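Fair warning: this is a prediction, and the values are worked out from it, not measured in the lab. In what follows, every heavy atom counts, from backbone to side chain, and hydrogens, waters and symmetry copies are set aside.
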Amino acid sequence: MSKEITSRSTDYSQWYNDLVIKGELADYSAVRGCMVIKPYGFALWENMRDVLDKMFKDTGHVNAYFPLFVPKSLFEAEEKNAEGFAKECAIVTHYRLKADPDRPGKLMVDPTAKLEEELVVRPTSEAIIWNTYKNWIQSYRDLPILVNQWANVVRWEMRTRLFLRTAEFLWQEGHTAHATRQEALDETVKMLEVYADFVENYMAVPVIKGVKTPQERFAGAEDTYCIEALMQDGKALQAGTSHFLGQNFAKAFEVKFSDRDNKLDYVWATSWGVSTRLIGALVMAHSDDEGLVLPPRIAPLQVVIVPIYKGDEQKGAIDACVHELMQSLKPMGIRVKYDDNDNARPGWKFAEYEMKGVPIRLAIGARDLENKVVELARRDTREKSTVPLEGLAERIQQLLEEIQQQLFNKALAYRNDHITDVDTWDQFVSLLDTKGGFMAAHWDGTAETEEAIKEKTKATIRCIPLDNKQEAGYCILTGKPSAQRVLFARAY
RNA sequence: CGGGAGGUAGUUCAGCCCGGUAGAAUACCUGGUUUGGGACCAGGGGGUCGCAGGUUCGAAUCCUGUCCUCCCGACCA
């Protein structure tokens, strides 16, 4: 059938693409590197967005919106940030098209409509936002500013992959301004905790919280905190970042405030973001060869009900039973769909909803009505059981939580099993190829060694875990002394 | 951006080498029979062969350019 998907063992990349396309999360578009997020995929994003948005608001943040375009002169103000993103910027140079005299009916860029100053399509919004904050901040009384924006950004990547790395993507970016270094640092860590909470408890993907090495740091940050997740093929994926920006942007944009003692100082900053890339992480963390497996808390559909009947009379009886069941499920906030489309037969629907990762499927036929039961199938374990109609809604509610927990436990067991303490270079190299996952290894702390290891093995330091155990040892590459292990992995 | 593969019906693909009226499966439409793991029969509709040039009496097929996608690499706050 056309809907068959490549197995993970045959071709992991193809498996991932098949899931995204055939699970109807997204599609390719006519625009290089840009994808269409389809309704089912967007529903998933909306659920994720809604949860995160509430978490941000519960921690005191408010939403705002800043322009898509950044004048080049503003973009280049914070030099490190500008340099870091320069290679992947889309730039608007003109503002008008005109009829092409050489090609009837076609258009050309009007050379007389060249912009005085080019506009950079934002790859991130620190520049335009800090240029704005300059006008908002005079006194410590104006601080803190705790603003988030939901937006699209553009990064002209050389090689793109659905959700994992697209030229345009959706994200949120928080940009906060503080009166003290400590307050900004606290904010950075607080938002990292929010991300970890969300990814683990809603997406059921376990993460390691840590801090990036200077090499891997966000351009313009003093410190980059991150959450790192592990995919089923043993590669790591950066799921979210929270940056302590120090006073870098305040200095670049001259944002000063008067403190209580009427002394002028630069404002302290943070920024933090997660993107539609999280959907890629979600797909790769839980899904199997039958299709998507979505965690109940953010699944667009949590329960699908498939009727099995012969003739209108049976259908009528099943309809009545299902409608009653839906009346009890909906008030519980359970997202349920009754698929009584007569054009598709039950077997087709079973395969289709497995492909789309719906956590629970119920099948109800005349036989079941007689016995006052339904057939219940779990997507995660693919187990089928016959359960009584009596108390079914409560049972489903409970089961959704159980599935959520089970998905997390399974991913956690896999992740924990794939953090390996490694003490020799040979072991490091061979385990990267055979087992994959995180290698907890000693490192001498230098950028040169980090770079050399990356060159030789394609493994990077994903992070130095927060509250990392201090333990004396020797760098796996250079043999120089080291005070702690750091996590290496190949990454997306 | 370098190497490789590809773009033909909604979808997956054959046809191309060797130029001569555009095919299959599936999906879709109509009617009927069906319905507990991707139903069956009969009939029917649907494609400027990615786009733009060129060669030719004639181009899906040969040539040039260009756009898009996939895989590997480089790159990746």
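- Among residues two or more places apart in sequence or in another chain, the salt bridge (charged side-chain N to carboxylate O under 4.0 Å, His left out) test is passed with A/Asp18 by none.
- Residue A/Asn17 places no side-chain N or O under 4.0 Å from the OP1 or OP2 atom of B/U69.
- Among the protein residues, A/Lys315 comes within range of no part of the nucleic acid, since none of its heavy atoms lies under 4.0 Å from any strand.
- For the salt bridge (charged side-chain N to carboxylate O under 4.0 Å, His left out) test, no residue two or more places apart in sequence or in another chain qualifies with A/Asp186.
- A/Arg277 forms no cation-pi arrangement with A/Phe163, by the criterion of a distance under 6.0 Å to the ring centre and an angle within 45° of the ring axis.
- Nucleotide B/A5: paired with B/U69 (Watson-Crick or G-U wobble, both distances less than 3.5 Å).
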Using atom names, set out every protein N or O paired with an N or O of nucleotides 40-42 of chain B below 3.5 Å, distance rounded to 0.1 Å.
none

Produce the list of close N/O pairs, under 3.5 Å, pairing protein atoms with atoms of nucleotides 32-36 of chain B; give distances to one decimal.
residue: B/G36; atom: OP1; partner: A/Arg345; partner atom: NH2; Å: 3.0
residue: B/G36; atom: O6; partner: A/Arg367; partner atom: N; Å: 3.3
residue: B/G36; atom: O6; partner: A/Asp368; partner atom: N; Å: 3.4
residue: B/G36; atom: O6; partner: A/Asp368; partner atom: OD2; Å: 3.1
residue: B/G36; atom: N1; partner: A/Asp368; partner atom: OD1; Å: 3.3
residue: B/G36; atom: N1; partner: A/Asp368; partner atom: OD2; Å: 2.4
residue: B/G36; atom: N2; partner: A/Asp368; partner atom: OD2; Å: 3.4

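- Applying the 4.0 Å criterion to OP1 and OP2 of B/U12, one finds that A/Lys22 has every side-chain N and O outside that range.
- Side-chain N/O atoms of A/Tyr28 include one lying less than 4.0 angstrom from OP1 or OP2 on B/C70.
- Applying the ring-ring contact (aromatic ring centres under 6.0 Å, His included) test to A/Tyr266 and every residue at least two apart in sequence or in another chain returns nothing.
- For B/C72, the OP1/OP2 oxygens have a side-chain nitrogen or oxygen of A/Arg159 closer than 4.0 Å.
- Ionic pairing of A/Asp380 and A/Arg378 is present here: one or more N-O contacts between side-chain nitrogen and carboxylate oxygen are shorter than 4.0 angstrom.
- Of the two residues contacting RNA chain B, namely A/Arg161 and A/Ser275, the nearest-nucleotide position lying further toward the 5' end is that of A/Arg161.
- Residue A/Arg277 is out of contact with every strand shown, counting any heavy-atom pair closer than 4.0 Å.
- Applying the salt bridge (charged side-chain N to carboxylate O under 4.0 Å, His left out) test to pairs two or more places apart or on separate chains, those with a residue in residues 448-463 of chain A are A/Glu228-A/Arg462.
- Across all strands, A/Val306 comes closer than 4.0 Å to no nucleic acid atom at all (heavy-atom distances).
- For A/Lys87 and B/C75, the shortest distance from a side-chain N or O to OP1 or OP2 is not below 4.0 Å.
- For A/Ser29, no side-chain nitrogen or oxygen approaches OP1 or OP2 of B/U69 to under 4.0 Å.
- Between the P atoms of B/C68 and B/G10, the separation comes to 22 Å (whole Å).
- In this structure B/G58 sits in no base pair that meets the Watson-Crick or G-U test at under 3.5 Å.
- Between A/Glu222 and A/Arg181, at least one side-chain nitrogen of the basic residue sits less than 4.0 Å from a carboxylate oxygen of the acidic one, meeting the salt-bridge criterion.
- A/Thr224 comes within 4.0 angstrom of nothing in the nucleic acid, heavy atoms only.
- When heavy atoms are screened at a 4.0 angstrom cut-off, A/Lys349 is found touching no nucleic acid atom at all.
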